[in-house]
Asks: 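Quick one: the structure is below, questions incoming.
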Amino acid sequence: MKSLVINGSEIAYVDRGTGLPLVLVHGFPLDHTMWTGQIDALAGPTADSPAGQTILSAPPVRIIAPDLRGFGHSLFSPHGDEKVTMDQFADDLAALLDALAIREPVVVCGLSMGGYIAFQFWRKYTARLRGLILCDTRAVADTPEGAEGRRRMAERVLREGPAPLVETMLPNLLAETTRRQRPELVERLRSVIMAGDPRGIAAAARGMAERPDMTAALGQIGCPTLVIVGQSDVISTPAEMRGIAAAIPAADFAEIPEAGHLSPWENSAAVNATIVDFLARHNQ
Ligand code: MLT
């Protein structure tokens, strides 16, 4: 991984491959490693990455996969932000693209919280966007009770560390079959969550609690959009995501079998094939 100081925070990121820039934005409370199946397959494996299927994308892609500020290898802001809004995360993405001298329009692919950020990137940086891929995410804002629950969870994580998130979130992040049949994936997910910086987790949770409702804006999304959902996603359900796709004028919709909320991780092969097909069809 490389790192750069972006908007005052040290941001770590993967930059692999050459071609159409594809920005992968991870969910909460994760890091870029949730996209390993996409990075290795679409931009090509390196000597130290695990062997996986390589279905190099046509058009070829340059993958930019950051750890958002306060997650993974990206440091919590030295300014001690108590809250990082989806807007600020989107600003970080734009500034990272600037720092990498990527001026051409990019495809932004975000999962769940990454999708909330992708919506804000679309709202603020429409001209920099060539396409959107929305994975297992929601357009609605939190209910007041949901937002309050997040703020309470933020306090709890600051006191106790990330363990309460493993307890409350993990069962909902994965399909029941994934939990039963793929203990190594469950263990990897647990360790990513447990390695999180409580300050980064709390700040993002408070930011998500304030995110705007994007439902009314969906009809204005003019770029090619792909909406992906795991068939067994209980957080952003297939029915809800089908509704998001229906409200966006130029959206494709794909339901991924054998996957829950973390569809790109749980069924990388199916998600990769869907992304490659989408990129190929909109490569002009
Ligand atoms: C995520 O996967 O990013 C979370 O489920 C988002 C959320 O808690 O709303």
Side-chain angles (χ1 to χ4, degrees), residues 1 12-14 16 22 24-55 57 63 65-68 71-74 109-115 133-138 153 157 161-197 200-201 204 226-238 241 254-276:
M1 280 195 107
Y13 62 96
V14 167
R16 180 133 31 114
L22 173 63
L24 302 178
V25 192
H26 64 76
F28 172 93
L30 307 175
D31 63 22
H32 80 281
T33 58
M34 64 148 283
W35 300 112
T36 302
Q38 283 65 51
I39 298 169
D40 287 344
L42 303 182
T46 58
D48 58 356
S49 61
Q53 26 85 289
T54 298
I55 50 157
S57 172
I63 287 185
D67 283 344
L68 297 166
F71 291 93
H73 290 94
S74 292
C109 169
L111 177 127
S112 200
M113 179 177 77
I133 304 177
L134 302 168
C135 306
D136 303 277
T137 193
R138 313 191 72 191
M153 179 53 85
V157 168
L165 287 178
V166 173
E167 200 183 292
T168 56
M169 283 191 79
L170 198 140
N172 292 330
L173 290 175
L174 301 172
E176 200 268 323
T177 45
T178 309
R179 278 183 277 132
R180 206 158 21 86
Q181 294 170 1
R182 299 175 67 186
E184 75 300 335
L185 194 158
V186 178
E187 201 35 54
R188 176 85 199 107
L189 175 58
R190 186 192 309 278
S191 68
V192 169
I193 298 174
M194 286 305 292
D197 181 333
I201 292 171
L226 170 62
V227 175
I228 292 177
V229 65
Q231 206 164 54
S232 307
D233 187 341
V234 293
I235 297 177
S236 40
T237 62
M241 292 223 66
E255 204 169 300
I256 305 297
E258 292 162 37
H261 189 59
L262 300 184
S263 60
W265 196 347
E266 296 178 75
N267 193 345
S268 302
V271 168
N272 292 345
T274 307
I275 291 176
V276 167

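The model shown is predicted, which means the values in this text are computed figures rather than measured ones.
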Asks: Can you name the residues that form a side-chain hydrogen bond (donor to acceptor under 3.5 Å, both in side chains) with E167, not counting sequence neighbours?
Replies: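 Checked E167 against side-chain hydrogen bond (donor to acceptor under 3.5 Å, both in side chains); zero matches.
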Asks: Looking at V25 and W35, what are the two nearest heavy atoms and their distance?
Replies: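 Looking at all heavy atoms of both residues, the shortest contact is O-CZ2, 3.2 Å.
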Asks: Can you tell me how far the CG atom of D136 sits from the CE atom of M113, to the nearest 0.5 Å?
Replies: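 Here the rounded value is 14.0 Å.
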Asks: If every non-hydrogen atom of M241 is compared with every non-hydrogen atom of L134, which pair is closest and at what distance?
Replies: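 That would be CE-O, 3.8 Å.
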Asks: Report the residues that fulfil side-chain hydrogen bond (donor to acceptor under 3.5 Å, both in side chains) with D233, sequence neighbours left out, ordered by chain and then residue number.
Replies: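 With neighbours one apart ignored, the set is S236, H261.
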Asks: Would a distance-only check, ignoring hydrogens and angles, find a side-chain to backbone donor-acceptor pair under 3.5 Å from T237 to V234?
Replies: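 It does not hold such a pair.
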Asks: Taking C-beta and beyond as the side chain, do I201 and P162 meet within less than 4.5 Å on heavy atoms?
Replies: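 Yes, their side chains come closer than 4.5 Å.
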Asks: Within the structure provided, determine whether I256 and P264 are in side-chain contact (heavy-atom separation under 4.5 Å).
Replies: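 No; the side chains remain at least 4.5 Å from each other.
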Asks: What's the spacing between H32 NE2 and S74 OG if we round to 0.5 Å?
Replies: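 H32 atom NE2 to S74 atom OG measures 9.5 Å (nearest 0.5 Å).
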Asks: Could you give all pairs that pass the salt bridge (charged side-chain N to carboxylate O under 4.0 Å, His left out) test and reach residues 254-270, with sequence neighbours left out?
Replies: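 Every salt bridge (charged side-chain N to carboxylate O under 4.0 Å, His left out) pair that includes a residue of residues 254-270, provided the two are not neighbours, is R242-E255.
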Asks: If you measure from the Lys or Arg side-chain nitrogens to the Asp or Glu carboxylate oxygens, is any gap between R179 and E176 under 4.0 Å?
Replies: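 No.
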Asks: Hey, are the side chains of W265 and L111 touching, using non-hydrogen atoms and a 4.5 Å cut-off?
Replies: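 No, their side chains stay 4.5 Å or more apart.
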Asks: For P29 and F71, which heavy atoms make the closest approach, and how far apart are they?
Replies: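 The answer is CA-CE2, 3.7 Å.
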Asks: Within the 4.5 Å heavy-atom criterion, are Q38 and S268 side-chain neighbours or not?
Replies: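 When only atoms from C-beta onward are counted, S268 and Q38 do touch, with a gap below 4.5 Å.
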Asks: Looking at CG of L174 and CE of M169, how far apart are the two atoms once the value is rounded to the nearest 0.5 Å?
Replies: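 So the gap between those two atoms works out to 10.5 Å.
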Asks: With a 4.5 Å limit on heavy-atom distance, are the side chains of L262 and L30 in contact?
Replies: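 They are in side-chain contact.
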Asks: Tell me the closest heavy-atom pair linking S263 and V271, and the distance in Å.
Replies: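 Taking every non-hydrogen atom into account, O-CG2, 3.6 Å.
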Asks: For the residue pair R16 and D40, establish whether any side-chain heavy-atom pair is separated by less than 4.5 Å.
Replies: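 Side-chain contact under 4.5 Å: yes.
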Asks: Can you see which heavy atom on D67 is nearest to which on D31, and at what distance?
Replies: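 Of all heavy-atom pairs spanning D67 and D31, the closest is OD1-CB, 3.3 Å.
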Asks: Taking side chain as C-beta onward, heavy atoms only, is I228 less than 4.5 Å from I275?
Replies: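 Counting from C-beta outward, I228 and I275 do come under 4.5 Å.
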Asks: When you compare the side chain of L165 with that of M153, does any pair of heavy atoms fall below 4.5 Å?
Replies: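 In contact.
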Asks: How many angstroms lie between atom CG of L68 and atom NE2 of H26, to the nearest 0.5 angstrom?
Replies: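 So the gap between those two atoms works out to 3.5 Å.
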Asks: State, to 0.1 Å, how close G37 and N272 come at their nearest heavy-atom pair, and which atoms those are.
Replies: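 For G37 versus N272, the nearest heavy atoms are O-ND2, 3.0 Å.
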Asks: Measure the CG-CD1 distance between L42 and I63 for me, rounded to the nearest 0.5 Å.
Replies: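 So the CG of L42 and the CD1 of I63 are separated by 5.0 Å.
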